[in-house]
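Everything below concerns the one structure shown next.
When a residue number appears, it is its place in the shown sequence, counting from 1. Predicted model, so just to flag it, every value in this text is computed and none were measured.
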Amino acid sequence: MIRTLIVDDDFRVAGVHAGFVEEVAGFAVVGTAHTAAEARARVRELSPDLVLLDVYLPDESGLSVLPELQADTIVLSAATDAASIRTAIRAGALNYLIKPFTTRQLADRLTSYARYRGLLAEDRALGQDDVDRAFRVLHEQDRTAAPKGQSTATSRLVSDLLRKADGPLSAAEVAGELGMARATAQRYLTALAESGAVRMRLRYGATGRPEHEYRWTE
């Protein structure tokens, strides 16, 4: 089993990601951490094979912790700036997955990592062909597609709107801001909620039925 540590500042998101990982054959979640300090301590305590690391931690950037972790690392973060991505790769991240992502996108990357790890498991001298194959396998299943029937660009617009909003938004409010049908906004919001990127709750008004509202988790 590939022993995996989840590092995310949000308890709920960490739990969602742990559930994603547990669904992938050959992986086991050995713990979670929610701060940079806790990540360091948990790595020393648990000696995980793989760390799934967020960038936005409350006490310190995950990017400053990354070089210290004695484990393979995949970054899972909403940080989309080129500097953060370059820093993560330079510090040793094997992959970088931008939130929000689907269960399938994470599963594909984990499966590729498991195959990469298997190719380098034997204690023997490797030829250039072996090295090339390991690097190729590591990224051969990377996917950027949105859920079936959804546009990656639209998903990003909805995500950015929620991330910048001062408070939670309903599907109708998202639709009004982005100029789309309410039903379309609802589909994208539901997918984001299922991925753990947003938190959903009921909004009660003075009259009528309550409606769902959505808030970015970070």
Query raised in the report: Can you tell me if E22 uses its side chain to pair, donor with acceptor, with the backbone of V29 under 3.5 Å?
Result: yes

Query raised in the report: Under 4.0 Å between a Lys/Arg side-chain N and an Asp/Glu carboxylate O for D108 and R104?
Result: yes

Requested in this report: Determine, step by step, whether D160 and R163 satisfy the salt bridge (Lys or Arg N to Asp or Glu O under 4.0 Å) criterion, reporting the C-alpha distance in whole Å, the side-chain angles of both residues, the deciding distance to 0.1 Å, and the verdict.
Outcome: CA-CA 5 Å; D160 289 344; R163 190 183 295 116; 2.6 Å; yes

Report task. Could you tell me which residues satisfy side chain to side chain donor-acceptor pair (under 3.5 Å) with R3, sequence neighbours excluded, listed by chain and number? Result -> none

Report task. Please examine the side chains of S159 and Y188, heavy atoms only from C-beta on, and report whether any two atoms are closer than 4.5 Å. Result -> no

Query raised in the report: Any side-chain heavy atom of F20 sitting closer than 4.5 Å to one from L110?
Result: no

Requested in this report: Please assess D8 against K99 for the test salt bridge (Lys or Arg N to Asp or Glu O under 4.0 Å), listing each intermediate value before the final yes or no.
Outcome: CA-CA 12 Å; D8 196 290; K99 298 178 182 178; 2.6 Å; yes

Query raised in the report: If we only count heavy atoms from C-beta on, is the F27 to L50 side-chain gap below 4.5 Å?
Result: yes

Query raised in the report: Is a side-chain donor-acceptor pair under 3.5 Å present for Y113 with R109?
Result: no

Query raised in the report: For S112, what residues pass the side chain to side chain donor-acceptor pair (under 3.5 Å) criterion, not counting sequence neighbours?
Result: none

Query - Beyond-backbone contact of L157 with M180, side-chain heavy atoms, under 4.5 angstrom - result: no

Query - Hphob cluster co-occupancy, F11 + L57, side-chain heavy atoms under 4.5 angstrom - result: no

Requested in this report: Determine whether L119 and D130 make a side-chain contact, defined as any pair of heavy atoms from C-beta on separated by less than 4.5 Å.
Outcome: no

Query raised in the report: Would you say the side-chain atoms of Y214 and E173 include a donor-acceptor pair closer than 3.5 Å?
Result: no

Report summary line: The complete set of salt bridge (charged side-chain N to carboxylate O under 4.0 Å, His left out) pairs with one or both residues in residues 25-45, sequence neighbours excluded, reads R40-E60, R40-E68, R42-E45

